[in-house]
Amino acid sequence: MDSILRLGKVSKTYSRKTNGHEQKIYAARRVSFELQTQHIMALVGESGSGKSTIAKLITGVEHADSGVIEFEGKTLSAWRRGHLAEYRRNVQMVFQDPYAALNPLNTVRYTISRPLVNYRKLHGESLHNEIQRLLEVVHLTPVNEFIDKLPFELSGGQLQRVVTARAVASNPKLIVADEPVSMLDVSIRAEILRLIEELRSKQGVTFLYITHDLISARMLADEIVVLYRGTVVETGNARAVAKNPLHPYTQLLLQSIPNPWATEEQPMALGILDRTSDDGGCVFRARCPYAMEVCHQGVPELTNAESDHLVACFLHHDATTQMAVQ
Amino acid sequence: MPLLDIQHLTVTYGNVQAVRDVSVTLETGEILGVVGESGSGKSTLGYAVTKLLRPPGAIQSGRVLFEGTDLVSTLESDLRKKRWTEISVVMQSGMNALNPVATIRRQFEDAIIAHQPTGQSRMKERVAEMLKMVNIDPRYADNYPHELSGGMKQRISIALALVLEPKLIIFDEPTTALDVVVQRFIVQNLKTLRSQYHFSALFISHDLGTVLEIADRVAVMYAGKFVEIQPSGQLLRAPKHPYTQALLQCFPDPRSDQINIVGIPGTPPDLSVVQPGCAFAPRCSQVMTRCLTESLAFVEVAGAGVACHRAGLTEEVKQHG
Amino acid sequence: MTSMLGMLKPFWQNKLSRTGVIILGILVLMAIFAPVIAPYSPNNSSFAAMLGPSASHLLGTTQEGQDVFSELIYGSRQSLVVGFAAGFAATFVGLFIGLVSGYLPGLVDDILSYFINVFLVIPGLPLMIILAAYAPVHGSFLIIFVITVTGWAWGARVLRSQVSSLRSRDYVAAARFAGDSMVRIIFREIMPNMISLVAATFLGAAVSAILGAAGLEFLGLGDPSINSWGTMLYWAENSGALLQGQWAWLFAPGFLIAVLGTSLVLINFAVDGMGNPRLRKKG
Amino acid sequence: GSQGATSTAASGSTPPMVLSVDPGSPLYTDNWNPFSPNAVWGQAWIYETLYYIDAQNGHQTPWLATSYKWNSPTQLTFTIRPGVQWSNGTPFTANDVAFTFNMLNKFPALDTNGVWTVLKSVAAKGNTVVFDFKTPDVPAFTYIAETPIVPESIWSKVKNPVTYTDPHPVGTGAYLEKSYTPQEFVLVKNPHYWQASKVKVQTIDFPVVSENANTVWLNLSEGKYTAANAFAPNIQKIYISKDPKYRHIWFAPSGASNLLMNLTKYPFNNVTFRQAMAYAINRPKVSSKGEYGYEPLASMTGLTLPANNAYLDKSLVAQYNYHYDPAKAAQLLSSMGLKKNSQGLLVGPNGPISFTMIVPTGFSDWIEDAAIIQSNLKALGITVNVQTPSVSTWVSDMQTGTFDMTLNFGLNQYNPYFYYESDLATSNSAPIGQDATSNYERYSNQNVDNLLNEYAQSTSATQQKQIIDQLEQVMLQQVPVIPMFYAANWNEYDNRYYVGWPDASNPYVTPTYALPDVEMEFTHLKPR
Amino acid sequence: MRYLVRRGIMLLLTLWSAITLNFLLPRMMPGNPAEVMLAKFKGKGNMGPQAIHAIKVMLGISNESLFKQYLQYWQEIFHWNFGVSYTYFPFSVTHMIDQALPWTLTLIGVTTVLSFVIGTLLGIWAAWTRGSLLDSVVTSVLTFTSSFPYFWFAMIVVFLLAFVTNVFPNSGGYGSQMSPGFNLSFIASAVYHSILPAVTILVSSLGGWQLQMRNNMISALNEDYVVLARAKGLPERVLAISYAARNAILPNMTGFAMSLGFVVSGAILVELVFSYPGMGTLLYNAVSNEDYPLMQGIFLMIVIGVVMANFVADIVNVALDPRIRRGGGDS
Ligand SMILES: Nc1ncnc2c1ncn2[C@@H]1O[C@H](COP(=O)(O)OP(=O)(O)OP(=O)(O)O)[C@@H](O)[C@H]1O
Ligand SMILES: Nc1ncnc2c1ncn2[C@@H]1O[C@H](COP(=O)(O)OP(=O)(O)OP(=O)(O)O)[C@@H](O)[C@H]1O
Ligand SMILES: [Mg+2]
Ligand SMILES: [Mg+2]
């Protein structure tokens, strides 16, 4: 299998001023993963864990501080040198909030036509036909009922389809979907997720699916990457990660899902802490019920725990030998 | 006598009928969950009960009996005395519900001073107590809302609603804007608080999973109407209305082997037009011809009820069978 | 075209602004059909001076023997044109600088914001008076120029902050992903969403331009040989109109300036609805 | 109300005297230095001059001097009045006079009339003061006679009289400073005045005069002033009609305001064209409508009439007989070979004739005049663009000669020599682009220059009259400028309490309170 | 603190440019004001060249290079010396400003504050009773009066109240026979003289504040935190004032500070109509007499006033708005 996207030790820090003093925020810390062609990879983590940051780095909206991002074997910085338009065409994005991602004053037709005109140089009849085809692809049928509508005339789910159609329009190879369903009603989510699955299988698009919802990740994705405070803490086969999480943080995520079926009340094992210091040690140690001496001393590396399942936790390390010092 | 008895309540925003002839009762100590899709009128119901509708929202008809007195016809000045001491609310987005220019302490003290004035030190104690209750360091009392995280603000909103130990609390999606972990934490927090304070509550949310976990009974709302009310466990096990059934399918058991989320195709109706028949009919997988023409009144019997031709049929069949 | 018409719909739907539109419409019609409405030419100074109101001179005559009513009708042209031209020019400059400054963060923005700040701090009327007093030639263009120079900054500030907030909207990012150029993004994605703010800025600028122009003309810094409401006030004041019992001569032009200003303020009440596609579509 | 001037100073039985004359808007500054252009005008009641010379008719009244004598065209002697004393009790002597003039020499910024451009020395000799001249300049007498005299005992101690504000003035005049506030100063009669018996008005109030004419008109109308120097439109209605029994006006004409044409430019360099202009412009209408009829039509000779009637050569005026006559103007224009084209525009060798007329901003009457001129010339096919630049642009355009046509003030002087000298002398002109002193139209004529020189050296009245006659002829024949109307000396007064005001029938002084001789009025006024 | 320092630097920069502009402006203008001034000093006779030179020196009319003049200009400013006024020579610009400033500061300052306070209160009240008859009457009347040309209204007021009915004085800052001082009768007279101009300014400026506050207040009333406050059963007064109005007033503070800054420039047109001895009249005289040292001096005062007012506004904003005070605010 060939990989289409590879991240190698990508880091990004922001600085923010609070009460006058500057504070560094590690939005991405030496993040590495590889995305296979025509796969769907889910990037999971709580709010502020750096999911959107990684999406921005991949789509070229922001620059990484260090590390490499390779798309089709060519580094992003190479793409940037004169081939940014082509890169953009190949790497598209679906935004979280469909209400915000569409200009309230532009019709569906105009919105979808832009990438077609810009990247595929379509005009007149062929443009119109392609727009129709795309609307069919995203199941906005009958097409003529939707093509000339303004965003306010559509429901959230329909809007998200328009957004998706626009992303697909340029025939991209990779689509980064940043929480595409979190703003939608549960009842509508399934259809959008199914649409993504369909685009992957029928159009051969590769997806990076960003979410904080472990269930949908498990349903949709082939692989899952779990992110905590900018660090990849666990990654592997979707089913394995979601059904049998190894990292205490992933376990926390799973437990958090409301579960009326659960027979007995499971007390929440972990406290919430709003801030941890960023000096050495495991990023999760302050919230971790199993924190050990070693967790304060070094940063655990991602290691193979099972086949296709890596975790960065000392609980699953054989020895401190694999500890990396930052 | 039920604590809260909503009778034939209809609320409009201009020509939008957001709540349509809704009746329900709430017993003392009970938590009634209200679920439904976005725009189904959940918040409107909550605001109407507390008479906090913003213009152009207005109660068209109906009564809201709180301990036997009708709030709809009560004068605002009399109602004011009941507010917060007897009924309090937690708003949909706790983030915006706190006055940005007042400290957290001020916002607690305002309420205390308005209703049960006590000395400074007593007040201070009380604020600290309340914050601790929702696991927030009392030091934060002197902070401003923008200095706190979303989860903290939401918990403070909850603490604020409890400060005068009201009989009834309206929770309007107290967890929606938060991420799963925080959401979870707040739900647990609420459960503990409930056992402490024994308040009754109207718990509004679109997250059926959460509602089922926390509420004693659940009311399912669709297009401004209740379509089904049942005790939580029963609703989970034997949903009667096709909408409830479909909704439940959207919440798979995270531990099951095969996960398949089933959505509800189609979109909710436009509330500015009143159509005959069942509002859910166009999206219903079990639709019958009479569903399109005959509307069905929702009747609550012994704390449960369903508004579906199909449900009626099965009932009949059972009786005959 | 339908969308243009649709954009104007809010002005008619809001009761207050409808009143404003009607008043403005009457004034505009008055300006257009001045030759039909006015009984005499405003330059005709052949009548006796300082006649009181009568059937042949509804509002009396001036010191020079012109018909006040005719001057008033014709004066609407100049006051409307100068007010709107200056309002337009100030808005245009403000919009341009606001757009550039808001869309290009960094050095360009810093420099432009700095200019905006400087011009905000500089007092308008005194600067207007000084500029106008020094100018070699006095006339409408000077007034428009002076009002533009002193009036653009306010709009620029408001529009700039709007642009920089719109710039970070998701749909602008999306347009970039769709391959749109910067110019296209500015004109297709950002500008249309600022229409209501631009309109509010324009209306505000027009009101202050009308009042500013009247003030300058009243001080004699306009071209007093041009017929406008401001110059009418100048001449009325210089002729002691009130003392001579020529009430209408002084009262009418000031009243119409106030009415014109009010109509624009009223129209502004509907501006919020302008950017709303809901109202636009049904037009 | 119109109960007369009751607002201030109604102290005891003395009827009030309130003068609305001194601008100083918005507030007075405490400056009594008689040489300062910004001094309060009240100083003219405190500081006196050697002679008082009426601005209109040139009538001379000996004042601090009893007589003068030209010993030669380069030597002038004044005899000083005996028995005069300064208000601090020290006697006034010839030394004070000599000191005053020598101070002007020492501090040239004070010498705003430029007496030291012609003087050589000034010295006291007993009770006389002798003025020696570098060059003969008989007309300079006026400036010498009208220089305010200050006490040596005080001013010799002043370090810099240029910036000195003289807060407690000591003079020989009829009045003393009684009180000063930025909004009003009050003068009180000087008991030791040398003609104290003639002074009947005990105190004079000078409230600040607003920049805003309407305020003045309101006060005038309400009768808050005993006398005022205010322009007002329709004075009859605003002022007189409110109390016609007591309220009066006398607007004495002063120097003619001229229409200037740039004589270096076509078509103004053509005499026939200028003559045509004199016929084409409806000067009576300019005077009656543009100037509200207050400023009478000026004589084309430029002489200020009737004050200068003695100089006027009536036969010459009859011979040229300028009046409003568009037909005659058209005929003169066609005699130049100018013809109207199909659009009715008058066409010259370089296309249709059109030029710009500039009038300073804010001069509302002149702007009206320009409009009349514009329409007069339009009838002849000539296009005039009227522009209203700022005052400084207007002045600088005139000085440098970068204008086509404009209106300008005339000189308010009894002696026509000054008028002709300033307007016609080549020495007051300059090439285009350089600043001219006063001959802005740039008229230059050797013959005229010679005549002016002769006049300056002549002490003979007949010879002077003869020279003036020749200059009148130049004015009428050459039309270097077109005199339009006489500026008015605005003056309103209320004789309810005081009588003896100067008027057309008894013009013993020109009641413009900025002039030095106005103090004389207060030796004539008596309670009714 | 950081925020204030940054704002402070910005304002200093602004001040610098305004002062420089002030220096350049008269020098860039066409015409030669110095010549016009000279003409004012001329008598009827022709002045000698020494006299002209002496006057030029005394007025500070300079032929030096622009840059040198600029440096001198700065030096003078640091010594609070704006040169001598042409119109009021030998008095200095500073002296003239000293005379006029107190009048303007009191009249325009007090009316600006009053206008803001009353307008804001009316706005709060109108928003509170939104839709009532009184609200619509007050709001539309104020909308109309706020479009009045100040001077026009002033002229009518003067004519009616100071001439026809003679209730108030028609001009001046105090009774002319009074000598300025800190005594009751003088103050009473000054107040009496200031009533008409104050009313004029109030009538034509109230509307702006009222309308703005009404808008802000209406949107504040729709905010979640106000609805929650109502749910809390707080007394109406607390709700209106410390919840809604307290937040609604924030966006108006900057505008208020700006207008306080512009107080220094006086209300030119109103002062003119009332012949009020303030900065506005002084500035108008400076302009019409082309007295540019005076003009520059006044302009400088205004700019300093505005910059200071802006700085004060920043401080007030910091005090009133915790989001700015304690970080988190995006500015
Ligand atoms: N432009 C920025 N400047 C400063 N800090 C930033 C910026 N963008 C993101 N951050 C910070 O970086 C961290 C990661 O942010 P990011 O948006 O990537 O999180 P996320 O996982 O997408 O969260 P969410 O689920 O809320 O979207 C957060 O703490 C955020 O506050
Ligand atoms: N101010 C308003 N003006 C007009 N219509 C309104 C207004 N507020 C709500 N509505 C309409 O009333 C209906 C019910 O709204 P409501 O806010 O009660 O829904 P909800 O169930 O709380 O939805 P959500 O889950 O999004 O909070 C919706 O169709 C909405 O569009
Ligand atoms: Mg994100
Ligand atoms: Mg809601």
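The sequence lines fix the lettering, A, B, ..., with proteins before strands; numbering per chain opens at 1.
Heavy-atom distances place the side chain of B/Leu160, and not its backbone, under 4.5 Å from chain E. For chain B, the nearby part of E/Leu250 is the side chain; its heavy atoms alone come within less than 4.5 Å.
Cation-pi contact between B/Arg54 and B/Tyr47: present, with separation from the ring centre below 6.0 Å and deviation from the ring axis of at most 45°.
The distance from the NZ atom of B/Lys42 to the OG atom of B/Ser205 is 7.5 Å, given to the nearest 0.5 Å.
The main-chain N or O of B/Thr10 is never found under 3.5 Å from a side-chain atom of B/Gln60 such that the two would form a donor-acceptor pair.
Electrostatic pairing of B/Asp5 and B/Arg63 does not count as a salt bridge here, judged by no charged N lying under 4.0 Å from a carboxylate O.
A heavy-atom distance below 4.5 Å is not found between the side chains of B/Thr175 and B/Gln154.
Among residues two or more places apart in sequence or in another chain, the salt bridge (charged side-chain N to carboxylate O under 4.0 Å, His left out) test is passed with B/Asp172 by none.
Around the NZ atom of B/Lys51, the shell of radius 6.0 Å holds more than 12 heavy atoms that belong to other residues, nucleotides or ligands.
The stretch residues 66-80 of chain B places B/Glu76, B/Arg80 near chain E, each with some heavy atom under 4.5 Å from a heavy atom of that chain.
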